[in-house]
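Step one of this worksheet: look at the structure below.
Numbering starts at 1 and runs along the sequence shown. Whatever order the structure lists ligands and atoms in, that order sets their numbers, starting from 1. Worth saying up front: this structure is predicted, and the values here are computed from it rather than measured.
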Amino acid sequence: MLQDHQLHAAELERTFIAIKPDGVQRGLIAEIISRFERKGFKLVAIKIVVPSKEFAEKHYYDLKERPFFNGLCDFLSSGPVIAMVWEGEGVIKYGRKLIGATDPQKSEPGTIRGDLAVVVGRNIIHGSDGPETAKDEIALWFTSSELVSYTSNAEKWIYGVN
Ligand code: GDP
Ligand code: MG
């Protein structure tokens, strides 16, 4: 059974998740949020925003040399995005599992991209790929006052601490 200090550490792990404009336009917001929520992860920040092209370029800075970079940034800034921070034990790595492989053709059934997307350029969701990118992306998209720390009544049932 987890001890109190471990639960505390679990609470501190956070990842940045975004529903891209295709996911929003296709009416998949609730479907995607429910997969993270039902798993037992905790939503600590959420907003709807249309990122500027310049902002999209910052978000995808690491991919700036890739041939699809310009189109990708045009796409991310083409409409509303749901920006979120999710918290929980192992949420960065497991969030990526829930999302599935970058190319939906290679994503397993049962994953978000596997179940709900077909091509790599329209793969509906973004998730941080590690602790450093999670930290950077959360700081890029949210101010610290937009992150809400709270205790969920479900936590003792999810983590087995009471
Ligand atoms: P992710 O972390 O799984 O989202 O994948 P990456 O960080 O490698 O790439 C970021 C995003 O760029 C992906 O989610 C895709 O939307 C897009 N992307 C990646 N590879 C390709 C590609 O080969 N072609 C196109 N058109 N888009 C790509
Ligand atoms: Mg990535």
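- If you take CD on E57 and CG on L76, they are separated by 11.0 Å, rounding to the nearest 0.5 Å.
- Annotation: side chain of E87 is not in contact with side chain of Y150 (no heavy-atom distance under 4.5 Å).
- Under the ring-ring contact (aromatic ring centres under 6.0 Å, His included) criterion, the residue pairs touching residues 22-49 are F36-W86, with sequence neighbours excluded.
- Under the salt bridge (charged side-chain N to carboxylate O under 4.0 Å, His left out) criterion, the residue pairs touching residues 102-116 are R35-D115, with sequence neighbours excluded.
- By the neighbour-count criterion of 12 heavy atoms within 6.0 Å, atom NZ of K53 is densely surrounded, having more than that number from other residues, nucleotides or ligands.
- Applying the ring-ring contact (aromatic ring centres under 6.0 Å, His included) test to every pair with at least one member in residues 90-114, sequence neighbours left out, gives no pairs at all.
- Closer than 4.0 angstrom to ligand 1 lie heavy atoms from K20, Y60, L63, F68, L72, R96, T102, R113, V120, N123.
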